Structure formats: structure tokens, C-alpha cells
Amino acid sequence: MNIEQALQQRHSVRAFLPQTVSGDTVRKLLEQAAQSASGGNMQPWRVTAVGGQALKDLCAKAAQTEPVQRPGLSYPPGLWEPYRSRRFENGEDLYRAIGVGREDKAARLKQLATNGQMFGAPVGIFIAVDERMGYAQWVDLGIYLQALMLLAVENGLATCAQGFWRLYNDMLVNQLALPGGYQIAFGIALGYEDSSAPINQWRASRADSKEWLSVQGLD
């Protein structure tokens, strides 16, 4: 498998099989991803992988915890075009894939709650960063995340990156025993895809490159 193939195959999986992933495999993926580029070689990521009963306990704790939205760590307020439409269409397509209409608030909330169960994945990975870090270091986190997701594909595994876990920052910092001054950047569900689940048949669309790509001075 080459990188192009891994990029084509990678998608956000929201239903996993109960099949476990070995600790050695998880550690290998997380360590390999750390070959990612980072500005000044700062490597600002702090990674915690959780599985088994510990993950079940963590998900149960999240279900009992009031979510808290932290300003500046989600979508910008008053989202503008074309980003507003892209986000809206993405959400509508996702719910349409599982037969949930716009007016079915209960079903939508039920689906949203599966985030807190890592979509049934056997491994939950949490990426944290020192609160004093800036935009450039968050870019580095994204580079690490992409490397990890592609490595997972290469190894027959699936992932779903989740900004959802930023809503439970204080609980996670405590439960994961992170050093003072760290904050959760995102979580990642990792495991084997349940390819029979309707939600995993859906694929998010991509904007035509004419909307965002400019090539100048090249033959």
C-alpha cells in the first residue's frame, strides 16, 4: 500500500468491531507517528492510549460529566461560506446515511452520544498539548494525527478523530493524570471497522480543487 492508497481508504469510522488491538500494535503506531515533522523539532504532542476496562470506565465517567465548551477550540462563531455549507451538508449527509431526519432530535442526540463511547472502538487515544503552546504547535498536532491515521490504514485498522473530547477536558486531564498546564486537543477512536454498519458506508465529500487550489509559475 502506498500513501495515495492510504489517503483514499482512510475515512472517519463511527462503528467498530469488538475485536481487540494488541498493546504492541498500538504502541508501534503511536511511536511511528512521532516521526512526523514539527516546527523546531518541538514534538509538542503528549499521547495517552487507553483500552480494556480503563476505557470503559473513562467513557462511563464522560457520560456522567457535564460537557464544557472552551472558547476558541471549536468552530468559529458565525461560520461563513463556503465553510458553513460544507459543515451543514456533512452533518445532513451523515444522519441521512443512518436514516435520521432533521426533526428527529432524539435520534440525533443518541448518535452524538456514541462519540462518548468511542463508537465502540477498543482503543481510545488522547492527544494533549501544553496550554502555553501556540497555533504553530497545533499544526504539528495535526501532522502527527494524519501520520497516525495513515499508519492505521496501512495496518488494517480504522480511526475517527474526535474534537468531541475537548468538551471533557478537565475530567480527562484528571483521569489521565496529565501534568499541570496540559489540555486535551482531540481524541482518536482506533480499532477494526464494522464494515456492515450503515454509517460506515457513507463518505464525506471533498470540494473541487478549483475552489481552493492556485498553481502559479509552473508548467
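Note that the structure is a prediction, hence the values are computed from the model and not measured.
For the pair Arg102 and Tyr95, the cation does not sit on the ring face, since its NZ or CZ is not both under 6.0 Å from the ring centre and inside 45° of the axis.
Taking both residues in full, the closest heavy atoms of Ala189 and Phe119 are given as CB-CD1, 4.4 Å, listed atom of the first, atom of the second, then distance. Heavy atoms only, all atoms of each residue included: Ala158 and Val13 are closest at CB-CG2, 3.5 Å. Taking both residues in full, the closest heavy atoms of Ala15 and Ala197 are given as CB-CB, 3.5 Å, listed atom of the first, atom of the second, then distance. Here the closest heavy-atom approach between residue Leu141 and residue Ala185 is recorded as CD1-CB, 3.6 Å. Pairing each heavy atom of Thr25 with each of Ser22, the nearest pair is OG1-OG, 2.8 Å. Across all their heavy atoms, Leu112 and Phe164 have their closest contact at O-CE1, 4.3 Å.
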Less than 3.5 Å apart, which donor and acceptor atoms pair up between the side chains of residues 142-153 and the rest of the protein, not counting sequence neighbours?
unit_1 : atom_1 : unit_2 : atom_2 : d
Tyr144 : OH     : Leu30  : O      : 2.9

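With hydrogens and angles ignored, the 3.5 Å screen pairs a side-chain donor or acceptor of Ser38 with a backbone N or O of Met42. Judged by distance alone, the side chain of Asn2 and the main-chain N or O of Gln5 form a donor-acceptor pair under 3.5 Å. Judged by distance alone, with hydrogens and angles left aside, the side-chain atoms of Asn200 form a donor-acceptor pair with the main-chain N or O of Asp194 at under 3.5 Å. Checking side-chain atoms of Gln43 against main-chain N and O of Asn41 turns up a donor-acceptor pair under 3.5 Å. Using a distance-only test at 3.5 Å, with no hydrogens or angles considered, no donor-acceptor pair links the side chain of Arg14 to the main chain of Gln111. A donor-acceptor pair under 3.5 Å is absent between the side-chain atoms of Gln162 and the main chain of Phe186, judged by distance alone. A donor-acceptor contact shorter than 3.5 Å links the side chain of Ser36 to the backbone of Ala33. Judged by distance alone, the side chain of Gln9 and the main-chain N or O of Ala6 form no donor-acceptor pair under 3.5 Å. Between the side chain of Gln64 and the main chain of Lys61, no donor-acceptor pair closer than 3.5 Å is present.
Going from atom NE2 of His11 over to atom CD of Glu193 covers 3.5 Å, rounded to the nearest 0.5 Å. With values rounded to the nearest 0.5 angstrom, Tyr192 atom OH is found 8.5 Å from Asn155 atom CG.
Using a 4.5 Å cut-off on side-chain heavy atoms (C-beta onward), Arg46 and Tyr182 make contact. The shortest side-chain heavy-atom distance between Phe16 and Val21 does not fall under the 4.5 Å cut-off. Side-chain atoms of Ile127 and Ile188, non-hydrogen and from C-beta on, do get closer than 4.5 Å to each other. Under the 4.5 Å side-chain criterion, counting only non-hydrogen atoms from C-beta, Gln69 is in contact with Ser74.
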**Request:** Assess whether side chain to side chain contact (heavy atoms under 4.5 Å, CB included) is satisfied between Val68 and Asn169, documenting all intermediate values.
**Result:** CA-CA 8 Å; Val68 177; Asn169 181 79; over 6 Å; no
**Item:** side chain to side chain contact (heavy atoms under 4.5 Å, CB included) evaluation trace for Arg87 with Leu79
**Value:** CA-CA 9 Å; Arg87 183 190 177 203; Leu79 200 58; 4.0 Å; yes
**Request:** Carefully, step by step, assess Gln117 and Thr114 under the rule side-chain hydrogen bond (donor to acceptor under 3.5 Å, both in side chains).
**Result:** CA-CA 5 Å; Gln117 299 299 315; Thr114 62; over 6 Å; no
**Request:** Test salt bridge (Lys or Arg N to Asp or Glu O under 4.0 Å) on Arg108 and Glu92 and set out the steps.
**Result:** CA-CA 11 Å; Arg108 290 191 169 213; Glu92 291 303 299; 3.3 Å; yes
**Asked** Could you walk me through whether Leu157 and Val123 pass the side chain to side chain contact (heavy atoms under 4.5 Å, CB included) check?
**Response** CA-CA 11 Å; Leu157 293 163; Val123 181; over 6 Å; no
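Salt bridge Arg70/Glu131: present, at least one basic N to carboxylate O contact under 4.0 Å. Salt-bridge check for Arg27 with Asp24: failed, with every basic side-chain N at 4.0 Å or more from each acidic carboxylate O. Checked for salt-bridge contact, Arg10 and Glu4 miss the test: no charged N lies under 4.0 Å from a carboxylate O.
Looking at residues two or more places apart in sequence or on another chain, you find a salt bridge (charged side-chain N to carboxylate O under 4.0 Å, His left out) between Arg132 and Asp130. Residues that satisfy the salt bridge (charged side-chain N to carboxylate O under 4.0 Å, His left out) test with Arg84, not counting sequence neighbours, are absent from this structure.
Between Trp80 and Tyr83, the two ring planes are perpendicular [angle over 60°; tilted spans 30° to 60°].
Heavy-atom contacts from other residues, nucleotides or ligands closer than 6.0 Å to CD of Glu103 number 12 or fewer. Summarising the local packing, CG of Leu109 is surrounded by more than 12 heavy atoms from other residues, nucleotides or ligands at distances under 6.0 Å.
With hydrogens and angles left out, the side-chain atoms of Glu89 and Ser85 include no donor and acceptor closer than 3.5 Å. Side chain to side chain, Gln216 and Ser214 meet the donor-acceptor criterion of an N or O pair below 3.5 Å.
You'll find the ring centres of Phe126 and Trp165 inside the 6.0 Å limit.
Each of Thr65, Leu176, Ile184 was evaluated against Met171; a single residue qualifies, Thr65, per the side-chain contact (heavy atoms from CB on, under 4.5 Å) test.
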